Structure formats: structure tokens, C-alpha cells
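Written below as C-alpha cells is the structure these notes are about.
Below, each value reflects all heavy atoms present in this structure, side chains not excepted, and no hydrogens, waters or symmetry copies. Quick note on labels: first sequence line is chain A, next is B, and so on, each numbered from 1. Just so we're clear, the structure is a prediction, and the values are computed from it rather than from any experiment.
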Amino acid sequence: MALERLDDLYRDAILEHRRNPRNADKLEDFDTTGDAVNPFCGDEIHLQLKQDDKGRITAVGLQGEGCSINRASGSMMSEAAKGKTPTEIRALTDWVRKLMQGDPEAESQLSPEGDLRNLFGVREYPIRIKCALLPWSALDEALSKLSDG
Amino acid sequence: MALERLDDLYRDAILEHRRNPRNADKLEDFDTTGDAVNPFCGDEIHLQLKQDDKGRITAVGLQGEGCSINRASGSMMSEAAKGKTPTEIRALTDWVRKLMQGDPEAESQLSPEGDLRNLFGVREYPIRIKCALLPWSALDEALSKLSDG
Amino acid sequence: MLDVSKIREDFPILSKKVYDGQPLIWLDSAATSQKPRSVIQSIVDYYEGFNANVHRGVHALSIESTAAFEDARQKVADFIGAESSECIIWTRNTTESINLVAHTWAQENIHAGDEILVTALEHHSNLVPWQKVARDKKATLRIIPLAKDQSLDLSEIDTLINPRTKLVAMVQKSNSIGTTNPVKELAAKARAVGAAVLVDGAQSVPHMPVDVADIDCDFLAFSGHKMLGPTGIGVLYVKHDILERMEPFLRGGDMVLEVSYEDASWNSLPWRFEAGTPNMAGAIGMGAAIDYLNGLGMENVRDHDIQLTKHALDSFKELEEELEIYGPKDPALRSGVVSFHHPDVHPHDLGTVLDRRGIAIRTGHHCTMPLVRSLGVPATARASFYLYNTNEEVDALLDGIKEALRYFGNGAGTAG
Amino acid sequence: MLDVSKIREDFPILSKKVYDGQPLIWLDSAATSQKPRSVIQSIVDYYEGFNANVHRGVHALSIESTAAFEDARQKVADFIGAESSECIIWTRNTTESINLVAHTWAQENIHAGDEILVTALEHHSNLVPWQKVARDKKATLRIIPLAKDQSLDLSEIDTLINPRTKLVAMVQKSNSIGTTNPVKELAAKARAVGAAVLVDGAQSVPHMPVDVADIDCDFLAFSGHKMLGPTGIGVLYVKHDILERMEPFLRGGDMVLEVSYEDASWNSLPWRFEAGTPNMAGAIGMGAAIDYLNGLGMENVRDHDIQLTKHALDSFKELEEELEIYGPKDPALRSGVVSFHHPDVHPHDLGTVLDRRGIAIRTGHHCTMPLVRSLGVPATARASFYLYNTNEEVDALLDGIKEALRYFGNGAGTAG
Ligand SMILES: Cc1ncc(COP(=O)(O)O)c(C=O)c1O
Ligand SMILES: Cc1ncc(COP(=O)(O)O)c(C=O)c1O
């Protein structure tokens with residue numbers, strides 16, 4: 001049954017995040033924002049971040065339009081970013097990118113990042129990797145605008 | 001032996017005309033001239049015609065540069081044109097063109113035109129047909145410049 | 001009527017299995033068509049039997065390849081009712097064909113204040129080149145808008161086509177939603193104001209009888225790869241008396257007559273427009289594709305498209321309440337393509353689910369971004385049909401969509 | 001050293017007989033090369049196994065064809081030492097590659113009073129486009145002249161390359177007489193005055209190791225069909241920082257990022273320069289051709305050319321008194337091509353005689369009309385060699401020439 005193999009891509013966690021995206025409310029009070037679009041798919045991401053005085057991300061707002069992969073990736077990202085410093089987030093982004101590119105070292109570190117590990121299956125669908133990475137581009141942009149960025 | 005088949009193209013008459021081209025001297029006294037070039041081959045034809053008072057061609061001068069087929073065709077043409085009126089020459093030109101294009105009717109009339117019939121073999125070499133026809137283009141041009149043309 | 005099961009045997013790829021044993025269901029012919037064995041074989045025969053550079057070669061292979069190459073040109077001319085094979089220029093694809101007109105004819109004939117008219121259905125390839133011409137020449141690009149059912153809204157056509165109009169460039173059959181435009185009627189209106197007419201036949205020439213004399217257009221552009229032919233070969237037809245007066249486009253070998261270090265003069269038509277070694281195998285394969293299509297008959301090809309489209313529209317009624325299907329409802333006015341959107345399943349997710357079932361569709365904007373935006377969706381899912389598709393494949397598509405709805409469909413929507 | 005008899009088995013056409021049983025002797029590879037089975041098979045595999053439009057397809061076949069297509073691009077990049085596959089643009093042929101530069105980079109960078117420098121050896125494809133740029137921009141086209149042996153006369157080079165020089169466009173290996181030019185040295189001189197460098201690699205890339213980083217050129221153009229690859233595929237390499245700043249050439253599908261009815265923005269490199277559906281099968285076949293060449297080693301390919309050329313020049317000594325052979329005498333400075341003329345036999349007649357013996361050579365101006373004129377003959381006969389040719393074939397050529405001399409040679413000459 002073809003759909004069984006699909007479950008590798010659309011893991012339960014992905015479907016669950018897609019149905020109940022975290023941090024979807026727009027922040028009215030934020031320190032930086034980032035946007036990313038993929039005109040080929042019509043996908044869009046709009047992101048707001050709030051920091052505490054140590055620079056840690058305390059709140060995330062994420063809205064947009066996109067497929068399940070895009071939306072689940074964004075939702076998982078919004079959870080993972082909270083409580084991290086920009087430096088920690090950059091390391092995380094780096095790991096996600098490497099994971100998508102099939103870097104074996106990144107794969108061996110699959111455990112630490114909670115739900116994010118479920119994005120692993122996307123690697124088998126090269127065309128969907130862009131979908132998974134779009135929210136991370138918005139995050140990059142938001143961080144790059146911070147003065148300590 | 002490959003050269004035997006070549007004899008269909010390079011008939012004795014063609015080789016003979018090539019060695020001893022007729023009417024090769026430039027006319028100083030002429031009524032019309034025609035030129036034709038084929039830059040692809042570097043071939044050139046320069047033609048002069050003299051008419052009598054009835055319009056018949058009495059003298060032909062033909063110079064140029066080209067391969068055996070071109071030169072033999074020109075030489076044969078210069079002989080055939082002599083004594084003919086422009087109308088008769090046009091009919092002849094028409095026949096030669098048709099012969100080259102493989103027109104069966106033109107083939108059935110192979111006998112009348114003396115040496116010209118030896119051009120028949122060129123039809124098997126499409127790329128060389130242009131060589132054979134170049135002098136006839138010069139002849140066309142020369143006739144078209146005549147007031148009774 | 002086409003004998004589709006017999007036809008399918010001619011296409012080696014259609015017996016291919018994807019993933020672990022799913023038979024391939026190719027519903028992406030609007031992007032590119034599959035190739036019958038005769039086309040593939042014609043390319044092999046060329047390379048194994050008489051590969052040689054065309055024109056002016058004094059040896060056997062060059063004579064043979066030149067004859068086959070020019071013979072293919074004649075087949076194209078006959079296929080579209082061109083007045084002569086001199087009017088047929090080989091290009092890489094539809095896109096290059098249209099760009100050729102934009103770089104030559106348009107440079108001489110479009111001036112400040114002139115208008116270029118396109119339709120709201122255009123593929124980027126028949127839109128972006130004209131944006132540049134309009135900008136460079138300070139001309140205005142105008143758009144024939146759409147009616148509610150995505151057919152052309154012709155209510156203002158007599159204002160849109162006016163004495164300032166110098167070119168009407170229009171797609172005959174939309175690759176995005178399948179609409180077939182009344183190009184003959186629009187061409188007549190264009191003629192009446194002295195405008196030239198370019199028809200983008202990328203989807204029409206493969207799918208229905210097209211006759212340039214009947215349409216009375218000045219330019220017709222299409223691609224081999226969408227009509228059973230090889231990749232890398234396209235056609236531009238130009239009306240003879242326009243072509244005679246056009247400046248060359250690309251310059252170099254083969255398109256010249258005489259060259260000195262300072263200057264050059266041009267070869268005769270159509271070679272003047274073909275610079276460098278052409279895609280010989282591509283042209284010969286295109287000839288074989290036309291032979292194949294002629295063997296079936298283009299009326300039959302069109303009718304088969306219409307029948308499949310009708311079957312799809314009928315079957316899709318089951319999902320009527322949720323599924324938005326674009327384009328006119330009458331299969332005679334739109335065929336070969338069914339483009340749709342479901343609010344609960346993003347087209348990409350749908351595409352992936354179908355793909356795993358062996359069903360190849362396209363998702364996205366189909367190179368008609370402004371059109372898809374005007375539909376109010378980020379992307380559509382598009383199934384496109386050709387002479388080898390069956391009703392059963394359409395049924396499999398519907399099954400796949402239903403499966404995807406079960407998988408994703410909880411009213412979660414695609415909007416964030 | 002090449003194992004030529006093994007190589008020949010890879011080329012189906014080489015066991016072909018022409019006319020009644022003459023084995024084909026292909027001495028016309030400078031016009032187009034023959035194709036090994038692996039290249040032909042790669043095309044068949046593509047059409048029978050994974051033909052699909054590249055980029056953005058969500059289904060299995062499109063993913064596979066995109067991967068193969070981009071993989072071929074990477075092979076090209078590696079083959080010529082390009083810094084990245086982003087610098088590799090697929091075109092139809094060398095001619096289109098050069099025209100692309102003339103239509104984009106040159107439009108922005110050549111101004112009134114500037115100079116464009118080419119050599120007297122150029123193929124029409126690297127001459128006629130620059131004639132137009134020079135005319136349009138009121139720039140001057142200058143020519144590096146020839147020495148007596150048809151190598152470049154570089155005595156005035158430091159005047160010819162001067163601060164007004166904006167582009168040096170030069171052939172690396174002459175298709176007409178085989179001369180190999182010192183492009184690296186000339187590129188260094190061009191760099192010193194700030195001029196850009198375009199190398200026409202149509203004959204060099206197939207026949208010798210070529211490395212863009214070593215030459216330090218900005219543009220390199222070449223064709224697939226001359227290097228065992230399919231027809232209809234060519235390459236333009238552009239140095240990355242120049243390519244980034246270049247405006248697009250052809251416009252339409254695939255080369256855009258975002259399109260509205262009014263405007264468009266561009267896709268990233270290299271796709272920005274590839275409008276419309278590319279020649280997928282052609283690119284993949286080109287990849288297979290490069291695999292084949294890499295398997296042999298380009299040093300070995302070059303050495304084989306040199307060896308054959310040496311053998312030809314040695315053998316032809318027999319006819320030394322009558323036969324004029326063009327180009328430098330040292331096979332290290334010229335290879336792969338022997339171009340000659342006999343006063344008693346017109347090249348066309350010679351070509352026909354050889355053809356009947358199964359020997360394919362080219363006769364005419366070889367798309368270098370100004371060069372052949374400067375030799376003072378209407379045309380030359382050209383035998384060109386490649387990795388599948390043998391000394392025995394060169395001997396057969398000589399026999400054929402001698403036969404033609406017996407047939408025609410009575411001092412009748414070619415001049416009228
Ligand atoms: C040196 C040179 N430059 C340019 C070209 C043009 O190549 P193409 O006809 O593939 O565009 C050729 C081939 O004829 C050539 O030999
Ligand atoms: C209507 C239409 N026009 C133009 C094109 C461009 O064709 P190509 O990509 O072959 O240049 C296409 C195909 O995508 C099309 O469907």
C-alpha cells in the first residue's frame with residue numbers, strides 16, 4: 001500500500017503539528033521579524049521574535065501559507081527556538097540544513113532536538129526539502145537583523 | 001572498384017570538357033553579360049553573349065573558377081547556347097533544371113542536346129547539382145538584361 | 001477513435017513501474033509528453049546510421065542527414081499548413097521561438113506609444129519577453145482579462161484591439177487550465193487594425209489540428225517535446241513575406257552567405273535564422289513524431305482529449321462541494337488539462353501522495369504565476385492528458401485524491 | 001595511448017558500409033563527431049526510463065530527470081575546471097553560447113571607441129556576432145593577423161591589445177587548419193589591460209585538456225556534438241562574478257523567480273540563463289560523453305590526435321611538390337586537422353572521389369571564409385581526426401588523393 005511508505009514522510013508528529021501549529025499568533029511586541037517566500041510553490045512565512053535581556057528568545061510568532069512539510073517544520077522550529085540564544089539557534093539551523101542535505105554526522109545527532117527529528121523523512125523527497133527549509137530562512141533573516149546578530 | 005561508379009558522374013565527355021573548356025575566351029564585343037557566384041564553394045562564373053540581328057546568340061565567352069562539374073556544365077552550355085534564340089535557350093535551361101531535379105519527363109528527352117546529356121549523372125550527387133547549375137544562373141541573368149528578354 | 005491500448009504498447013516508458021511496483025500513470029503531458037518507440041528509434045538510427053553535419057557536405061552521410069533534416073522541416077510545414085518549408089525555423093523550444101520574434105521583428109516594428117496585447121492566460125514564455133519589449137520601446141503591454149470561468153472576457157475586445165495595437169500575442173490552449181482561445185476570431189480583429197498575430201501553440205499543436213492559413217497568423221511557436229518529439233527542438237513558423245524582411249537573430253556559421261573580416265551577408269530562408277550546427281537528431285525525431293501523430297489523425301487526438309476531460313469532469317463531480325476546478329465547464333472549450341485545488345490539502349502534499357501511487361501530476365503555478373495568483377490560491381494541482389491516457393487512469397487519479405483527503409483532510413486547511 | 005581498435009567497437013556507425021560495401025572512414029570530426037554506444041544508450045535510457053520536465057516536479061520521474069540533468073552540468077563543470085556548476089549554462093551549440101555573450105555582457109560593456117579583438121583564424125560564429133556588436137556600439141573590430149605558416153602573427157600584439165581593448169575573443173584550436181593558439185598567454189595580456197577574454201573552445205575542448213582556471217578566461221564556449229555528445233546541446237561557461245552581474249538573455253519559463261502581469265524577477269544561477277524546457281536528453285547525453293572522454297583521459301586523446309597528424313604530415317610528404325598543406329608544420333602546434341589544396345583537383349572533385357571510396361572529408365571554407373580567401377584558394381579539402389581514427393585510415397586518404405590525381409590530374413587546373 002503506497003500510503004504506508006508515505007508515513008515515513010508524513011510522520012504523526014508532522015501531521016499533528018500541521019493540524020495544530022504552535023506559536024501561530026502574531027506577536028504585537030517583538031524585537032525582530034523575518035519573512036521568506038518561495039514563489040515557485042506560493043509558500044510564505046512571516047516570523048516575529050521577542051528576546052529577553054540576555055538575548056534569549058522568549059516568544060515566537062509564525063504565520064504563513066504552505067504545505068504540511070513547510071507548516072510542520074515551522075511549527076517545530078518555533079518550539080525549538082524558544083529559550084535559545086541566537087548563537088544556539090544558528091547551530092540548530094545549521095544542523096537542520098545538514099540533516100536535509102544527508103550529512104551523516106547530522107544524522108548521528110538525531111536525538112537531541114525533540115520533534116525536529118521527524119523532518120528526517122523529507123530527505124527522501126528532494127523537491128520538498130525547500131518546503132521544510134523555508135521557515136528556517138525566515139529565522140535566519142530575523143536573527144541577522146538583530147544588533148548582536 | 002569505387003572509381004568505376006564515379007564514371008557515371010565523371011563521364012568522359014565531362015572530363016574532356018573540363019580539360020578543354022569551349023568558348024573560354026573573354027568576348028570584347030558583347031551584347032550582355034551575366035555573373036554568378038556560389039560563395040559556399042568559392043565558385044564563380046562570368047559570361048558574355050553576342051547576338052545577331054535576329055537575336056540569335058552568335059558568340060559566347062565564359063570564364064570562372066570551379067570544380068569539374070561546374071566547368072564542364074559551363075562549357076557544354078556555351079556550345080548549346082550558340083545559334084539559339086533567348087526563347088530557345090530558356091526552354092533549354094528549363095530542361096536542364098528539370099533534369100537535375102529528377103523530372104522523368106526531362107529524362108525521356110535526354111537525346112536531343114548533345115553533350116549536355118552527360119550531366120545526367122550529377123543527379124545522384126545532390127550536393128553537386130548546384131555546381132552544375134551555376135553557369136545556367138549566369139546565363140539567366142545575361143538573358144534577363146536583354147531588352148527583348 | 002484511438003485504440004489506446006495499442007498506442008500504449010508503442011511507449012516503452014508506460015510499462016515502467018515506479019517505487020516498488022506502482023505502474024506509472026503519466027498525467028503530466030502538458031509539461032512534457034512521453035515518446036513512442038518510433039521517435040526514440042529515429043534518433044538511434046540517426047546516430048548509428050548517418051550522423052553528419054548538414055548542408056554543404058560532399059560525402060554520403062552528410063547528404064543523407066541533410067535530406068532527412070530538410071525532410072523533417074517539410075513535414076512540420078505540412079503539419080501546420082505552412083505555405084512553404086522556408087517558413088519553418090528550427091529553435092530549441094517555444095520559448096526561444098517567441099524570443100526570436102521579440103529580438104527581431106519586434107525590434108523593427110514596435111515603437112513608442114504602440115500596444116502589445118496578450119491574454120491573462122499566458123505562459124511566462126509569452127509574457128516576460130513582451131514585458132521587456134514594451135519597456136525597451138516605451139510601448140504598453142495590455143492584457144485581455146478573464147471571465148469568471150477563466151475563459152477570455154472579450155467584452156472590451158474592440159477597445160483592447162485598436163489602431164495602436166501592433167501585436168496580439170496569445171496562447172491558443174492554456175497549459176494551466178486547458179482553455180482553448182478563439183485565436184482565429186481574434187486574429188481577424190487584429191488584422192482589421194493592422195496588427196501582427198503571434199500564436200503560442202505549445203499546447204494546441206500537439207493536441208488538435210492547427211492550420212496557420214486558417215488562423216491567418218504571422219507567427220506560430222511550439223515545442224517538439226510536448227508532441228511526442230525529442231527535447232531540444234522547437235519550431236517558429238513565420239509568414240513568408242514577413243520572414244523575408246526580418247533581420248537575422250543569432251549569427252555565425254550556416255546562416256551566412258558571404259563573410260569577410262569586416263562584414264557578412266545572409267543565407268537564404270530559412271537557414272538565415274539557424275546559426276551554428278542545428279539539433280539534427282532533434283529535428284529528425286520531430287519528423288518521426290509528426291509521422292506518428294499523422295498516423296493517428298489530429299482530429300482523433302483532440303477527440304480523445306475531450307473524452308478524457310469529460311470523464312474527469314464528470315467523475316470529479318463527486319467532490320464538487322470541496323474541490324475547486326478551474327476553467328470553462330464545457331470540454332469542447334477546454335480539454336487535455338484539469339487544474340484544481342482543495343482547501344484542505346496543499347497541492348504539494350497531494351502531489352506527493354499521488355506520486356507514491358505512481359501518478360505523476362504537476363503542482364504549482366505551471367509557469368502562469370499571474371494567472372494562478374488571480375485564482376486566489378498559492379498553487380493548483382494539474383492533471384494533463386494525452387493520446388496514451390485512459391479513463392482508468394483518470395479513475396486512479398480520483399481514488400488518489402480521495403485517499404489524500406482521508407489522510408490530510410480534517411479541515412486543517414492550507415492557510416496558516 | 002589509446003586502444004583504438006577497442007574504442008572503434010564502441011561506435012556503431014564505424015562498422016557501417018557506404019555505397020556498395022566501402023567501410024566508412026570518418027575524417028570529418030571537426031564538423032561533427034560520431035557517438036559511442038554509451039551516449040546513444042543514455043538518450044534511450046532517458047526516454048524509456050525517466051523522461052520528465054526538470055525542476056519543481058513533485059513526482060518520481062521529474063526528480064530523477066532533474067538529478068540527472070544537474071549531474072551532467074556538474075560533470076561539465078569538473079571537465080573544464082569551472083569553479084562551480086552555477087557557471088555552466090546549457091545552450092544549443094557554440095554559436096548560441098557566443099551570441100549569448102554578445103547579447104548580454106557585450107551590450108553592457110562595449111561602448112563607442114572600444115575595441116574588440118579577434119584572430120584571423122575565427123570561425124564565422126566567433127566573428128559575425130562581434131561585427132554586429134562593433135557596428136551597433138560604434139566600437140572597432142580588430143584582427144590578429146597570420147604569420148606565413150598560418151599561426152598567429154604576434155609581433156604587434158602589444159599594440160593590438162591596448163587599453164581600449166574591452167574583449168579578446170579567440171579560437172583556441174582552428175577548425176579550419178588545426179592551429180592551436182596560445183590563449184593563456186593572450187588572456188594574460190588581455191587581463192593586463194582590463195579586457196575580458198572569450199575562448200571559442202569548439203575544437204579544443206573535445207581534443208585536449210582545457211582548464212578555465214588555468215587559462216583564466218571569462219567565457220568558454222563549446223558544443224556537445226563535436227565531443228561525442230548529442231546534437232542540440234552546447235555550453236557556455238562564464239566566470240562566476242561576471243555571470244552574477246549579467247542580465248538574462250532569453251526570457252520565459254524556468255528563468256524567472258516571480259512574475260506578475262507587469263514585471264518579473266529572475267531565478268538564481270545558472271537557471272536564469274536557461275529559458276523554457278531545456279534539452280534534457282541532450283544534457284544527459286553530454287554527461288555520458290564526458291564520462292567516456294574521462295575514461296580515456298584527455299591527455300591521451302590529444303596525444304592520439306598529434307600522432308595521427310604527424311603520420312599524415314609525414315605521409316603527405318610524398319606529394320609535397322604539388323600539395324599545399326596549411327598551418328604550422330609542428331604537430332604540437334596544430335593537430336587533429338589537415339587542410340590542403342592541390343592545384344589540379346578542385347576540392348569538391350576530390351571530396352567526391354574520396355566519398356566514393358567511403359572516405360568522408362569536408363571541402364569548402366569550413367565556416368572560415370575570410371581565412372580561406374586569405375590562403376588564395378577558393379576552398380580547401382580538410383581531413384579531421386579524432387580518437388577513433390587510425391593510421392590505416394590516413395593511408396587510405398592518401399591513396400584516395402593519389403587516385404584522384406590520376407583521374408583528374410593533367411595539369412588542367414581549377415582556374416578557368
Ligand atoms: C572553432 C569553431 N567555432 C565555432 C563552431 C561552431 O560550432 P556550432 O556549429 O556547434 O555552433 C565550430 C564548429 O563548426 C568551430 O569549429
Ligand atoms: C502554453 C505554453 N507556452 C509556452 C511554453 C513553453 O514551452 P517550452 O518550455 O518548450 O519553451 C509552454 C510549456 O511549458 C506552454 O505550455
Side-chain angles (χ1 to χ4, degrees), chain C residues 12-13 16 18 31-32 34-35 40 43-44 47-48 51-53 56-61 92-96 99 123-125 128-129 131-132 143 223 225 230-233 250-253 256 259-261 263-264 275-277 279-282 348 351-352 355 360 362-364 367 369-370, chain D residues 12-13 18 31-32 34-35 40 43-44 47-49 51-53 56-61 92-96 99 123-125 128-129 131-132 143 223 225 230-233 250-253 256 259-261 263-264 275-277 279-282 348 351-352 355 360 362-364 367 369-370:
Chain C
I13 208 171
K16 189 186 153 87
V18 287
T32 201
Q34 297 304 341
K35 324 298 175 199
I40 302 171
I43 296 168
V44 173
Y47 286 129
E48 297 196 345
N51 170 59
N53 215 322
R56 300 194 305 286
V58 77
H59 53 69
L61 265 50
R92 176 172 39 244
N93 51 27
T94 305
T95 304
E96 191 192 8
N99 275 270
H123 188 280
H124 296 159
S125 293
V128 185
Q131 291 177 343
K132 176 162 167 64
I143 319 272
S223 300
H225 70 95
T231 62
I233 191 82
L250 303 182
R251 286 150 201 256
V256 292
V259 180
S260 68
Y261 285 121
D263 213 349
T277 305
N279 186 351
M280 277 96 69
H348 280 3
T352 296
D355 174 47
R362 253 307 116 159
T363 59
C367 292
M369 223 184 264
Chain D
I13 209 170
V18 287
T32 202
Q34 297 305 342
K35 323 300 174 196
I40 302 172
I43 297 168
V44 173
Y47 286 128
E48 298 196 343
N51 169 59
N53 215 320
R56 300 192 307 285
V58 77
H59 53 70
L61 266 51
R92 177 174 35 247
N93 52 27
T94 305
T95 304
E96 190 192 9
N99 275 268
H123 188 280
H124 295 160
S125 294
V128 185
Q131 290 177 343
K132 176 162 166 64
I143 318 272
S223 298
H225 70 96
T231 62
I233 192 82
L250 303 182
R251 285 149 202 256
V256 292
V259 181
S260 68
Y261 284 121
D263 212 349
T277 305
N279 186 353
M280 277 96 68
H348 280 2
T352 296
D355 174 46
R362 239 336 97 160
T363 60
C367 291
M369 221 184 267

Here the pair of heavy atoms bringing C/P230 nearest to D/Y47 is CA-OH, 3.3 Å
Most heavy-atom pairs under 4.5 Å with chain C, out of D/A360, D/S223, D/C367, belong to D/A360
- Task: Return yes if some donor-acceptor pair links the side-chain N/O of D/S125 with the main-chain N/O of C/G253 below 3.5 Å, else return no.
- Result: yes
With chain D, the option among C/I143, C/V18, C/I233 that has the most non-hydrogen atom pairs under 4.5 Å is C/I143
Whether the side chain of C/N99 engages the backbone of D/L250 through a donor-acceptor N/O pair (distance < 3.5 Å, no angle test) should be reported. no
Of all heavy-atom pairs linking D/P370 and C/S260, the shortest is CG-C, 3.6 Å
To the nearest 0.5 Å, atom NZ of C/K35 lies from atom CD of D/E48 at 13.0 Å
Any side-chain donor paired with an acceptor under 3.5 Å for C/Q34 and D/N51?
yes
Turns out that what part of C/T94 lies under 4.5 Å from chain D's heavy atoms comes down to neither
With chain D, the option among C/A275, C/A281, C/G351 that has the most non-hydrogen atom pairs under 4.5 Å is C/A275
If one checks every heavy atom of C/V259 against chain D at 4.5 Å, the contacting part turns out to be both
Notebook entry, point to check: Would you find a donor on one side and an acceptor on the other, under 3.5 Å apart, between the side chain of D/E96 and the backbone of C/G276?
Noted result: no
With a 4.5 Å heavy-atom cut-off, do C/R362 and D/H59 have their side chains touching?
-> yes
